[in-house]
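Keep in mind that the numbers below use all heavy atoms, side chains included, and drop hydrogens, waters and symmetry copies. Just so it is clear, the structure is predicted and the values come from calculations on it, not from any experiment. As the structure lists them, so they are numbered: ligands from 1, and atoms in each ligand from 1.
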Amino acid sequence: MYDWSVDASAGSMITGLSDLSAPGNSGRETTLTRPHWQPGEVIEVIDQTPDAVTLRLRLPEPTEFLPGQYYNVRLAAAGRTRPVQRSYSVSSSPFPDASVIDLGIREIPDGLVSPRLVRGLSSGDRVDVRGPAGRFTWTEADGGPLLLVGAGSGVVPLVSIVRYAAASALTIPMRLVCSSVNFESALYREDLARLADSCGWLEVVQSFTRDPDDLRAGHHRRVDRAMLAEALDGQFPRWVYLCGPPLMVEATGNWLVDLGVDPGAIRCEKYD
Ligand SMILES: Cc1cc2nc3c(=O)[nH]c(=O)nc-3n(C[C@H](O)[C@H](O)[C@H](O)COP(=O)(O)OP(=O)(O)OC[C@H]3O[C@@H](n4cnc5c(N)ncnc54)[C@H](O)[C@@H]3O)c2cc1C
């Protein structure tokens, strides 16, 4: 049986099941001053899936960030007087080098910003970013074990958490449940499989919602109560991190509470 009981040191408790990207929450901030816009240099665009890339940026003014945080990106848009901005989570670990950040970006067809970031950039280009931002964060000071549940691009900040733990040689148990349409669209699938192979504290469970015959997935449906009960395995992690579309995050949080998880142990980020 997976041992959730290891390393369960206490972290800061957040009251209620809450969206940690919402202003006024009781989570942590990394910076006291408001970060300003800076021109990130694209040093690599790495294909992840047919519709998603990792945008690797070098920041002229690097700022410490915490695993799970995001950056805002702004672009000029035809017919608009002001640039449009969107948020993208960091998939890389802040340790050992926070001056280069990886943003995991999936193209939303007909979207204003994501298609231009996924298809329109190459090495040497510059893109305005501001950050870090967000209170959906984890470090070893928070303790574990962790259950991480991500749907679609919601897996991105969870990958940062896992990579940070690996880069820091931590051994806090983590179980990561990733829900994707199919094998080809599963973000960071290969990196996560490699990490799970080499890190005994990490288990990665894939679910492919639209490919019932693909045996490389442990499940073939959207995240549901039964899947969460199996992931909990009769025990309660110190923290649960949920990230993805709002409806998925809300339903998952409610099922977990129904299964006996303390609402104060659930941290959420909704990709509105
Ligand atoms: C805190 C935070 C972190 C985020 N991190 C990431 C990340 O790491 N990677 C990532 O790819 N995205 C992330 N997002 C979502 C991202 O900010 C944009 O919303 C997304 O890229 C769509 O922007 P767009 O300009 O291309 O589409 P828009 O022009 O804003 O939207 C076009 C149409 O698509 C719909 N739409 C918007 N988003 C989605 C969606 N996710 N799924 C289906 N339909 C949608 C809209 O309702 C609209 O009808 C994050 C959002 C938040 C709030």
Side-chain angles (χ1 to χ4, degrees), residues 18-25 27-30 35 40 45-57 65-80 82-94 101-121 127-138 148-164 176 178-181 185-189 191-192 209-210 222-223 241-252 267-272:
S18 51
D19 178 2
L20 296 180
S21 53
N25 214 295
R28 294 171 303 178
E29 289 276 20
T30 47
V45 182
I46 305 163
D47 288 337
Q48 291 294 339
T49 71
D51 63 353
V53 298
T54 292
L55 198 57
R56 182 161 291 166
L57 302 175
F65 69 93
L66 293 170
Q69 287 194 298
Y70 64 88
Y71 276 71
N72 290 308
V73 176
R74 73 175 176 189
L75 296 178
R80 299 210 177 199
R82 295 163 64 88
V84 284
Q85 53 174 293
R86 298 286 185 270
S87 306
Y88 294 98
S89 302
V90 182
S91 65
S92 48
S93 164
I101 56 167
D102 284 355
L103 303 180
I105 305 174
R106 165 156 283 143
E107 177 179 15
I108 300 296
D110 302 324
L112 205 50
V113 171
S114 59
R116 291 171 61 193
L117 298 177
V118 170
R119 311 219 175 260
L121 293 173
V127 58
D128 272 356
V129 296
R130 185 174 67 189
R135 300 178 174 97
F136 183 76
T137 64
W138 180 87
L148 312 164
V149 185
S153 51
V155 76
V156 174
L158 310 179
V159 171
S160 176
I161 290 173
V162 166
R163 284 177 164 164
Y164 169 77
L176 170 58
C178 306
S179 172
S180 311
V181 168
S185 71
L187 270 171
Y188 298 106
R189 179 193 71 231
D191 290 354
L192 289 171
T209 58
R210 286 187 223 160
R222 289 183 169 189
V223 175
Y241 283 74
L242 308 178
C243 186
L247 285 178
M248 169 268 172
V249 169
E250 282 157 25
T252 303
R267 295 174 165 178
C268 304
E269 182 109 282
K270 297 174 187 169
Y271 282 4
D272 292 303

Going by side chain to side chain donor-acceptor pair (under 3.5 Å), Y188 matches just one of D102, T49, T54. Which one?
T54

State, with a plain yes or no, whether a side-chain heavy atom of P67 is found less than 4.5 Å away from one of P94.
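A side-chain contact under 4.5 Å exists here.
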
Are side-chain heavy atoms of R56 and I46 found at a separation under 4.5 Å?
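Side-chain contact under 4.5 Å: yes.
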
Would you kindly specify which portion of [X] sits under 4.0 Å from ligand 1, judged on non-hydrogen atoms: side chain, backbone, both or neither?
| X | value |
| --- | --- |
| V156 | side chain |
| V84 | neither |
| Y88 | both |

Would you mind listing which atoms of ligand 1 come within a distance below 4.0 Å of any non-hydrogen atom of [X]?
| X | result |
| --- | --- |
| D272 | 19 (O) |
| L112 | 24 (P), 25 (O), 26 (O), 27 (O), 28 (P), 29 (O) |
| I105 | 11 (O) |
| K270 | 53 (C) |
| Y70 | 1 (C) |
| G104 | 7 (C), 8 (O), 9 (N), 10 (C), 11 (O) |
| P115 | 26 (O) |

Heavy-atom proximity to atom 28 (P) of ligand 1, best of Q85, E107, R86, Q69:
R86

Using the side-chain contact (heavy atoms from CB on, under 4.5 Å) criterion, which residues pair with P246? Sequence neighbours excluded.
E250, K270, D272

Go through the steps to decide whether Y241 and F136 satisfy the test ring pair (Phe, Tyr, Trp, His ring centres under 6.0 Å), and finish with yes or no.
CA-CA 8 Å; Y241 283 74; F136 183 76; 5.3 Å; yes

Who passes side chain to side chain donor-acceptor pair (under 3.5 Å) against T209, sequence neighbours left out?
none

If you measure every N or O of V113 against every N or O of ligand 1, does any of those distances drop under 3.5 Å?
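It does: an N or O of V113 is found under 3.5 Å from an N or O of ligand 1.
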
R210 atom CZ, neighbour heavy-atom count above 12 within 6.0 Å:
no

Strictly by modelled atom types, are Y271 and S89 linked by a side-chain donor-acceptor pair under 3.5 Å?
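Yes, because at least one side-chain N or O of Y271 sits under 3.5 Å from a partner of the opposite role on S89.
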
